[in-house]
Amino acid sequence: MDALSGAFGSINGQVGKGSVKQLADAVTPQELFTGQWQNRLSGLDDYKPYLDDRWSEGCTNVRKLWEEIVPLGYKGSYQRVRAYLYDKRTSSRPVTARPPSPRAVAG
């Protein structure tokens, strides 16, 4: 057991405290997807409700939707819009924008 804890300690020193234990204790891959990147806002977040509404209205042309949000102030890429709408195109159920986090609502 000392050899195992020694190995964890050695690896832990290289990758950061808690990383090895988190990896070793994870039962499912989803348990590993936590941290600073999970609820990060994207430049597209403010425009997702607009895109969702237009998609629901029947406009499924990604290029046209991207051209509509650029004058509204969207500074991101066409590829980002395409990636977001790809999920809608391939999903069997409607995809909607993620609701804002409590932190974003609280200001």
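In this structure, R54 places its CZ atom where more than 12 heavy-atom neighbours from other residues, nucleotides or ligands lie under 6.0 Å away.
Side-chain contact between D46 and L72: absent, with no pair of heavy atoms (C-beta onward) separated by less than 4.5 Å. Considering only heavy atoms from C-beta on, Y86 stays 4.5 Å or farther from V62 through its side chain.
Of the possible polar contacts, none joining the Y74 side chain to the G43 backbone as a donor-acceptor pair under 3.5 Å is found.
Annotation for D45 and P49: closest pair O-CD, 3.6 Å, computed over non-hydrogen atoms. Y84 and D52 make their closest contact through OH-OD1, 2.6 Å (heavy atoms, listed as atom of the first residue, atom of the second, distance).
Using modelled atom types and a 3.5 Å distance limit, the side chains of Y78 and E67 yield no donor-acceptor pair.
From K64, atom NZ reaches atom CD1 of I69 across 12.5 Å, with rounding to the nearest 0.5 Å. Atoms CH2 and CZ, from W66 and R82 in turn, are 12.0 Å apart once rounded to the nearest 0.5 Å. From E68, atom CD reaches atom OH of Y47 across 13.5 Å, with rounding to the nearest 0.5 Å.
Of the candidates L51, L65, D53, C59 forms a side chain to side chain contact (heavy atoms under 4.5 Å, CB included) with just one, namely L65.
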